[in-house]
Participant: 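Have a look at this one.
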Protein chains: 2
Amino acid sequence: MPSMKDTITTVAVDLFHRKGYFATSISEIARQCGIQKASIYYHYPSKENILFHIQQVTMEELTAYLRANLDGRTDIEECMGVAVRSHVRFHLDRQKETFIANSELRGLTPEHYLEIVRQRDEYEQIFQRIIREGIAAGVFTAADVKILSYAILTLCNGGAIWFKPRGRMPVDAIAEIYENFVLRGLKVGDLAAAAAGPDPQAAPL
Amino acid sequence: MPSMKDTITTVAVDLFHRKGYFATSISEIARQCGIQKASIYYHYPSKENILFHIQQVTMEELTAYLRANLDGRTDIEECMGVAVRSHVRFHLDRQKETFIANSELRGLTPEHYLEIVRQRDEYEQIFQRIIREGIAAGVFTAADVKILSYAILTLCNGGAIWFKPRGRMPVDAIAEIYENFVLRGLKVGDLAAAAAGPDPQAAPL
DNA sequence: GCCTACCTACCGTCCGGTAGGTAGGCCATT
DNA sequence: AATGGCCTACCTACCGGACGGTAGGTAGGC
């Protein structure tokens, strides 16, 4: 049986995801937990702290999951494939939490905001390292590393927006589509020359 | 000189973008316009209506911009390239509005919500048509059309989140990166077979 | 006897929205 | 040219209600 604090967190995740942080009231969270509003403050010091707690735990677990999946691998392409699949799978499995962690940053205090941004940077840097190594090894097409990393991550986050757990697509099928799309987009090959149309070689700018 | 209604709209766009719809109050909009709160209601019937107006105008102009750019073109690859560039450019030029149109749907009344979703569907269908034709013509790799369109659009929306108008990258450079990435991700080629690394076909695990 | 996990009752603040008033420009009639 | 009336674009003052949060109390288990 889950503790009341866990129940509060679960209910808050659901409401923040469905209605947004600012549109969700403490009273409503309490009501869905079957307790009074004041009792929330026994478990959490403030509304903002519930939000922060959700985001922090989510970011920690997201990063840990990626690290565990990458552990021991060295092949660059394999790393990127694993990273994309790991990212997509986590975002589909933990749809509500990741959505909150991506879109409700504005509800945080300045200090907590900085902390979450720091954790996110750390996570992004794992992807950037893989891209950088891939370009250095001549496996990936040269382009701005940060922009590529943002592109890949936003792309995969997208899944969490429209994905319906009971829909026609299983999680792994989606992860595979994204993996293929990303790897094809990154890898060097003579496709680029034909793709750019009028101007022959897309300069790395 | 802009009318007061235009000023209100501009201020609202800025605040909704910076703080979010629910975290923005009518009083604050009024203050930044240099008028009293009640005067807002001379120009708009409700707070929600300001949000709806912003979203509707944005979606209309976004679609019109895409249609104008595609006008007369028939080559499929070219169409997709143009569509991506058009989408990215609009999202970077009208960063605040598109961000609001993408993330503040929950502030709308049910009727207005349906209306915006309808407009968005219409826009997405333009991309889906290009993808479908590309697959039929054997130019693009076969995959789920809806998922591909969502992937492309989310990917390009991403730019509007981190893009800074005064940053080091000009709009067209970003648009080109995205265009190349998308086209390389879509096009057929023998890369896919080689991409999976050790095991020939990435098992869905 | 004390700590945990709740409760009831209440606080001040701010919210979206409304009622009703008014200054000043425009316009038709005399 | 002067008058009267109406419309535009604001204003002040206020409403009920919901908000996040607090004070203080209490039942029951260790």
Side-chain angles (χ1 to χ4, degrees), chain A residues 1-56 100 103-113 115-116, chain B residues 1-56 100 103-113 115-116:
Chain A
M1 191 186 133
S3 70
M4 183 51 79
K5 178 157 184 172
D6 290 343
T7 305
I8 292 170
T9 312
T10 307
V11 168
V13 163
D14 186 61
L15 285 172
F16 290 170
H17 173 248
R18 253 185 23 235
K19 314 181 57 177
Y21 173 71
F22 286 105
T24 300
S25 71
I26 292 282
S27 333
E28 195 169 357
I29 296 172
R31 202 180 314 129
Q32 291 208 17
C33 292
I35 58 174
Q36 289 300 312
K37 186 176 69 165
S39 307
I40 298 282
Y41 290 89
Y42 175 78
H43 301 280
Y44 279 108
S46 68
K47 184 187 176 188
E48 187 268 349
N49 204 269
I50 304 179
L51 179 64
F52 176 60
H53 181 250
I54 293 169
Q55 300 206 6
Q56 200 181 30
I100 293 168
S103 61
E104 296 289 6
L105 278 283
R106 289 180 298 206
L108 297 169
T109 62
E111 301 76 36
H112 288 164
Y113 173 82
E115 169 62 16
I116 298 298
Chain B
M1 191 187 131
S3 69
M4 181 55 75
K5 179 157 185 172
D6 290 344
T7 305
I8 292 170
T9 314
T10 307
V11 168
V13 163
D14 186 63
L15 285 172
F16 290 170
H17 174 248
R18 254 186 21 235
K19 314 182 57 178
Y21 173 71
F22 287 105
T24 300
S25 71
I26 291 282
S27 332
E28 196 170 355
I29 296 173
R31 202 180 313 128
Q32 290 208 18
C33 292
I35 58 174
Q36 289 300 311
K37 186 176 69 164
S39 306
I40 298 281
Y41 290 89
Y42 175 77
H43 301 281
Y44 279 107
S46 69
K47 185 187 177 187
E48 187 267 350
N49 204 267
I50 304 180
L51 178 65
F52 176 59
H53 181 250
I54 292 169
Q55 300 206 8
Q56 199 181 30
I100 295 168
S103 60
E104 296 290 7
L105 277 283
R106 290 179 298 206
L108 297 169
T109 63
E111 299 78 33
H112 288 164
Y113 174 82
E115 169 61 17
I116 298 296

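Convention: sequence-line order gives letters A, B, ...; per-chain numbering from 1.
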Participant: Strictly under 4.0 angstrom, non-hydrogen atoms only: write out the protein contact profile of nucleotides 15-25 of chain C, one letter per nucleotide from the 5' end, B, S or -.
Facilitator: SBBBB------
Participant: For the residue pair F22(A) and G107(A), what are the closest heavy atoms and their distance?
Facilitator: CZ-CA, 3.9 Å
Participant: Rounded to whole Å, how long is the line connecting atom OH of Y42(A) with atom C1' of dG21(D)?
Facilitator: 18 Å
Participant: Can you label the angle between the F52(B) ring and the H112(B) ring as parallel, tilted or perpendicular, going by 30° and 60°?
Facilitator: parallel
Participant: For the pair made of NZ in K5(B) and C1' in dA9(D), what is the distance, rounded to whole Å?
Facilitator: 14 Å
Participant: Please determine if a side-chain N or O atom of S39(B) lies less than 4.0 Å away from the OP1 or OP2 oxygen of dA9(D).
Facilitator: no
Participant: Tell me whether R106(A) is salt-bridged to E104(B), with the criterion being a basic N under 4.0 Å from an acidic carboxylate O.
Facilitator: yes
Participant: Let me know the distance between NE2 of H43(B) and P of dA9(D), rounded to the nearest Å.
Facilitator: 7 Å
Participant: Quick one: look up who dT13(C) pairs with, Watson-Crick or G-U, both distances under 3.5 Å, and put none if it's unpaired.
Facilitator: dA18(D)
Participant: Starting at atom CD1 of I35(A), determine the distance to atom C1' of dA5(C), rounded to an integer number of angstrom.
Facilitator: 9 Å
Participant: Enumerate, atom names and distances included, each donor-acceptor pair closer than 3.5 Å involving a side-chain atom of residues 34-41 of chain A, sequence neighbours excluded.
Facilitator:
none

Participant: Could you check which nucleotide pairs with dG25(D) in any of the strands shown, counting Watson-Crick or G-U wobble with both distances under 3.5 Å?
Facilitator: dC6(C)
Participant: Would you check if I29(B) and F16(B) make a side-chain contact, meaning some heavy-atom pair closer than 4.5 Å?
Facilitator: yes
Participant: What heavy-atom pair brings I100(B) and V13(B) nearest, and what distance separates the two atoms?
Facilitator: CD1-O, 3.4 Å
Participant: Is the phosphate of dT8(C), meaning OP1 or OP2, less than 4.0 Å from a side-chain N or O of Q36(A)?
Facilitator: yes
Participant: Without decimals, in angstroms, what is the distance between Y44(A) OH and dA5(C) P?
Facilitator: 14 Å
